[in-house]
K.L.:
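For reference, the structure I am asking about is given below.
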Amino acid sequence: MNQKFWRRSLRLSSGFNRKSKIENRKWAGIVAVGVTLAMCGAVAEAQQPKPSRIGVLLQGGAAYEAVDGLRQGLKELGYEERKQFVLDIRDSKGDIKAVEEAARNLEREKVKLIYAFTTSVVTAAKKATTEVPIVFNVGSDPVTGGLVESFVKPGGRLTGIHYLARDLTGKRLEILKEILPKLRSVLTIYDPANRVSKESAQLAREEAKRLGLKFMERHVSSVEEVRNALKELKAGEADAFFYIPDAMVASQSELIIDTTKAKKLATMFQEGGLVAKGGLASYGQSYYELGRLSAKYVQKILGGAQPRDLRIETVEDVELAINLKTAKQLGLTIPPNVLARASKVIR
């Protein structure tokens with residue numbers, strides 16, 4: 001009986017061992033397949049090119065409209081964000097010294113190029129860097145401003161889009177007078193150390209004299225001073241706030257809109273996106289469209305082209321935007337002939 005028991009036990013043990021070996025082989029195979037797939041995935045991921053890193057320099061406010069436009073433009077050109085490009089946005093929030101530091105850091109971190117918005121930001125970025133290509137949007141002549149050698153052959157490492165911020169200052173004030181026939185005085189806030197702002201203020205001063213308007217100026221040199229100037233603004237002190245091109249002031253655009261609404265002041269801006277946010281009117285180029293048009297420069301530079309060989313484009317298309325909701329809140333009636341000319345009307 002004991003012999004039968006042991007023989008049976010040995011047969012069971014032998015069968016169990018064979019089964020265990022088969023199971024072990026199966027698991028080993030599964031593990032091997034898993035490891036192989038993981039290795040293949042790792043190799044494929046390693047072989048896939050990293051997305052091109054694009055530095056973005058701005059001072060906040062309406063400039064984000066241009067960034068949205070840049071994204072759309074790159075998408076239209078077949079670039080997928082996070083797969084083929086990433087935007088590293090550095091918002092200085094109105095501090096021009098922070099722009100220089102951010103530009104240096106982006107160059108040190110080896111971004112493929114820098115996209116910079118407004119003349120003051122571009123000037124600071126150029127000063128702070130030595131090698132990185134810069135695609136710009138500037139509202140003043142980039143040749144007389146010392147940014148490039150010519151529109152046709154920029155030379156150096158900067159190129160991009162030129163738009164009419166400074167040059168439209170007088171026309172912008174003229175249209176504000178058409179919108180508000182009883183307009184008597186306008187107030188503006190800007191930094192006189194900003195070359196474009198100073199030149200624009202002179203143009204506005206001359207146009208105000210021609211129109212018989214009182215032109216009131218508040219000079220500032222920091223974001224804190226902009227905020228204080230708005231805080232000290234009194235109801236009835238002026239009939240309207242008139243925007244002079246100044247990126248530092250523009251960084252506080254939402255505060256300007258809120259303050260002027262509370263003080264019952266009409267507003268005239270340069271960019272239509274601010275009208276959608278509550279400004280009364282704007283006359284100028286679309287920042288979104290400027291960003292969208294800039295995408296082709298980014299594409300060419302990522303493809304190996306040199307900025308010095310890429311002709312600078314001047315955008316002359318302008319749009320008049322009016323917010324009828326804001327007009328109603330201010331108790332204003334927009335003349336029908338002006339309203340008929342508006343490209344965008346917020347109702």
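Here the structure is a predicted model, which means the values were calculated and not measured.
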K.L.:
Is a side-chain N or O of E107 found less than 3.5 angstrom from the main chain of T130, in a donor-acceptor match?
P.N.:
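Confirmed, E107 side chain pairs with T130 backbone.
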
K.L.:
Checking I175 against M268 for the side-chain contact (heavy atoms from CB on, under 4.5 Å) test, could you report, in this order, the C-alpha distance in whole Å, the side-chain angles of both residues, the deciding distance, and whether it holds?
P.N.:
CA-CA 9 Å; I175 291 175; M268 170 58 93; 4.0 Å; yes

K.L.:
Just verifying a value: how many Å separate D239 CG and K214 NZ, rounded to the nearest 0.5 Å?
P.N.:
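D239 CG to K214 NZ: 10.0 Å, rounded to 0.5 Å.
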
K.L.:
Side chains of E289 and Q285 only: does a donor on one sit below 3.5 Å from an acceptor on the other?
P.N.:
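The answer is no; no qualifying pair exists.
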
K.L.:
Under 4.5 Å between side-chain heavy atoms, counting indirect links through other Ile/Leu/Val/Met/Phe/Trp/Tyr residues: same cluster for L183 and I322 or not?
P.N.:
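Yes: a chain of side-chain contacts under 4.5 Å links L183 to I322.
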
K.L.:
Provide the closest heavy-atom pair for L176 versus A240 in the form atom of the first, atom of the second, distance.
P.N.:
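It is CD2-CB, 4.1 Å.
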
K.L.:
Is there side-chain contact between I244 and F242, with at least one heavy-atom pair below 4.5 Å?
P.N.:
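In short, these two side chains touch, coming nearer than 4.5 Å.
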
K.L.:
Evaluate the side-chain contact (heavy atoms from CB on, under 4.5 Å) criterion for residues I114 and V56: first the C-alpha distance (whole Å), next the side-chain angles of each, then the deciding distance (0.1 Å), finally the verdict.
P.N.:
CA-CA 6 Å; I114 288 175; V56 177; over 6 Å; no

K.L.:
Under the side-chain contact (heavy atoms from CB on, under 4.5 Å) rule, what do L324 and L339 come out as? Steps first, then yes or no, please.
P.N.:
CA-CA 9 Å; L324 292 182; L339 200 58; 3.9 Å; yes

K.L.:
Any donor-acceptor pair under 3.5 Å linking the side-chain atoms of E217 with those of Y190?
P.N.:
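Short answer, yes.
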
K.L.:
With sequence neighbours left out, what residues match R227 under side chain to side chain contact (heavy atoms under 4.5 Å, CB included)?
P.N.:
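Applying side chain to side chain contact (heavy atoms under 4.5 Å, CB included) to R227 gives V223, E224, Q252, L255.
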
K.L.:
Measuring from R90:CZ to L58:CG, what's the distance to the nearest 0.5 Å?
P.N.:
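R90 CZ to L58 CG: 11.5 Å, rounded to 0.5 Å.
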
K.L.:
For residues 61-74, which residue pairs qualify under side chain to side chain donor-acceptor pair (under 3.5 Å), counting only residues two or more places apart or in two chains?
P.N.:
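As it turns out, the side chain to side chain donor-acceptor pair (under 3.5 Å) pairs with a partner in residues 61-74, which skip direct neighbours, are Y64-D91, R71-E81, Q72-E76.
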
K.L.:
Please say yes or no: joined through hydrophobic side-chain contacts below 4.5 Å, possibly via intermediate residues, are I161 and V318 part of one cluster?
P.N.:
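No; V318 is not reachable from I161 via cluster members.
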
K.L.:
Quick one: are L203 and R166 in side-chain contact, heavy atoms under 4.5 Å?
P.N.:
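A side-chain contact exists here, since the closest heavy-atom pair is under 4.5 Å.
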
K.L.:
Return the NZ to OG distance between K344 and S282, rounded to the nearest 0.5 Å.
P.N.:
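OG of S282 is found 8.0 Å from NZ of K344.
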
K.L.:
When you look at R341 and E178, which way does the salt bridge (Lys or Arg N to Asp or Glu O under 4.0 Å) test go after all the steps?
P.N.:
CA-CA 11 Å; R341 285 154 45 199; E178 290 182 51; 2.6 Å; yes

K.L.:
When you compare the side chains of Q270 and Y287, does any donor N or O come within less than 3.5 Å of an acceptor on the partner?
P.N.:
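Present: a donor and an acceptor within the cut-off.
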
K.L.:
Quick one: does L113's side chain get under 4.5 Å of V298's, heavy atoms only?
P.N.:
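Result yes, sub-4.5 Å side-chain heavy-atom pair found.
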
K.L.:
Locate the shortest heavy-atom distance separating V135 from G160; write the atom from each residue and the value.
P.N.:
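So the two residues come closest at CG1-CA, 4.4 Å.
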
K.L.:
Within the distance-only criterion (no hydrogens, no angle test), does the side chain of T159 pair as donor or acceptor with the backbone N or O of L310 below 3.5 angstrom?
P.N.:
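Pair found, side chain donor or acceptor close to backbone of L310.
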
K.L.:
Specify the closest pair of heavy atoms between A238 and M216, including all atoms of both residues, with the distance to one decimal.
P.N.:
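Answer, listing the atom of A238 first, then M216: CB-SD, 4.0 Å.
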
K.L.:
Please check: side-chain N/O of E225 versus main-chain N/O of S221, any donor-acceptor pairing under 3.5 Å?
P.N.:
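Yes: the side chain of E225 pairs with the backbone of S221.
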
K.L.:
Is the shortest heavy-atom distance from the side chain of I256 to the side chain of F241 under 4.5 Å?
P.N.:
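I256 reaches F241 side chain to side chain.
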
K.L.:
Under a 4.0 Å threshold between the charged nitrogen and the carboxylate oxygen, would K296 count as salt-bridged to E313?
P.N.:
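Salt bridge flag = yes for K296 with E313.
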
K.L.:
Knowing that exactly one of T119, T314, D141 qualifies, which makes a side chain to side chain donor-acceptor pair (under 3.5 Å) with H162?
P.N.:
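It is T314; the other options fail the test.
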
K.L.:
Report the C-alpha distance between T169 and E207 in whole Å, list the side-chain angles of each, state the deciding distance to 0.1 Å, and finish with yes or no for side-chain contact (heavy atoms from CB on, under 4.5 Å).
P.N.:
CA-CA 9 Å; T169 302; E207 182 63 17; over 6 Å; no

K.L.:
Would you say that V275 contacts L280 through its side chain, given a criterion of any heavy-atom pair below 4.5 Å between the two side chains?
P.N.:
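No, every pair of side-chain atoms sits at 4.5 Å or beyond.
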
K.L.:
If you group Ile, Leu, Val, Met, Phe, Trp and Tyr by side-chain heavy-atom gaps below 4.5 Å, do L164 and V138 land in one group?
P.N.:
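No, no single cluster joins them.
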
K.L.:
Please step through salt bridge (Lys or Arg N to Asp or Glu O under 4.0 Å) for the pair E101 and R104, ending with a clear verdict.
P.N.:
CA-CA 5 Å; E101 183 181 356; R104 279 192 291 270; 6.0 Å; no

K.L.:
Could you check whether any side-chain N or O of E109 sits under 3.5 Å from a backbone N or O of V111, counting only pairs where one atom can act as donor and the other as acceptor?
P.N.:
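Checking the backbone N and O of V111 against the side chain of E109, no donor-acceptor pair under 3.5 Å is found.
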
K.L.:
Should K75 and E80 count as side-chain neighbours, where that means a heavy-atom distance under 4.5 Å?
P.N.:
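The answer is no, as the side chains (C-beta and beyond) never meet within the 4.5 Å cut-off.
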
K.L.:
So, the side chain of K264 versus the backbone of Q329: is there a donor-acceptor pair under 3.5 Å, distance only?
P.N.:
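Flag set: sc K264 to bb Q329 pair under 3.5 Å.
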
K.L.:
Quick one: closest heavy-atom pair of F215 and A208, and the distance?
P.N.:
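Smallest heavy-atom distance, with atoms named: CB-CB, 3.8 Å.
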
K.L.:
Report yes if some heavy atom in the side chain of R347 is under 4.5 Å from a heavy atom in the side chain of K325; otherwise report no.
P.N.:
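Counting from C-beta outward, R347 and K325 never come under 4.5 Å.
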
K.L.:
Looking at CG of N137 and OG1 of T118, how far apart are the two atoms once the value is rounded to the nearest 0.5 Å?
P.N.:
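It is 9.0 Å, given to the nearest 0.5 Å.
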
K.L.:
Count the heavy atoms belonging to other residues, nucleotides or ligands that lie under 6.0 Å from NZ of K261, then report whether that count exceeds 12.
P.N.:
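More than 12 heavy atoms, drawn from other residues, nucleotides or ligands, come within 6.0 Å of this atom.
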
K.L.:
Say whether Y79 and I54 are linked into one hydrophobic cluster, either directly or through other cluster members, by side-chain heavy-atom distances under 4.5 angstrom.
P.N.:
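Yes; tracing contacts between hydrophobic side chains, which count when under 4.5 Å, links both residues.
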
K.L.:
Test side chain to side chain donor-acceptor pair (under 3.5 Å) on R157 and T129 and set out the steps.
P.N.:
CA-CA 10 Å; R157 55 194 175 87; T129 58; 2.9 Å; yes

K.L.:
Work out which heavy atom in V338 is nearest to a heavy atom in L320; give both atom names and the distance.
P.N.:
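In terms of heavy atoms, the two residues are closest at O-CD2, 3.9 Å.
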
K.L.:
Can we call the ring centroids of Y297 and F136 under 6.0 Å apart?
P.N.:
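For Y297 and F136, the ring centres are not under 6.0 Å apart.
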
K.L.:
Below 4.0 angstrom, N of the basic side chain to O of the carboxylate: do E232 and R218 qualify?
P.N.:
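Looking at R218 together with E232, the answer is no, because their closest N to O distance does not fall below 4.0 Å.
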
K.L.:
Identify whether L302 and V86 are in the same connected component of the hydrophobic contact network (ILVMFWY, side-chain heavy atoms under 4.5 Å).
P.N.:
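Not linked; separate clusters.
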
K.L.:
Going from CG on L106 to CZ on R53, what distance comes out if it is rounded to the nearest 0.5 angstrom?
P.N.:
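One gets 6.5 Å once the value is rounded to the nearest 0.5 Å.
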
K.L.:
Just by distance, do the side chain of K126 and the backbone of G146 share a donor-acceptor pair under 3.5 Å?
P.N.:
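At least one qualifying donor-acceptor pair exists.
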
K.L.:
Quick check: do P307 and I134 have side-chain heavy atoms less than 4.5 Å from each other?
P.N.:
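No; the side chains remain at least 4.5 Å from each other.
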
K.L.:
From Y243 OH over to S200 OG, what is the distance, rounded to the nearest 0.5 angstrom?
P.N.:
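It comes to 8.5 Å.
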
K.L.:
Looking at every heavy atom in both T326 and G278, which two are closest together, and how far apart are they?
P.N.:
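Taking T326 first and G278 second, the nearest heavy atoms are OG1-O, 2.9 Å.
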
K.L.:
Counting only heavy atoms from other residues, nucleotides and ligands, does the tally under 6.0 Å from NZ of K198 exceed 12?
P.N.:
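At most 12 heavy atoms, drawn from other residues, nucleotides or ligands, come within 6.0 Å of this atom.
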
K.L.:
Could you walk me through whether R210 and E206 pass salt bridge (Lys or Arg N to Asp or Glu O under 4.0 Å), step by step?
P.N.:
CA-CA 6 Å; R210 187 185 75 80; E206 293 169 0; over 6 Å; no

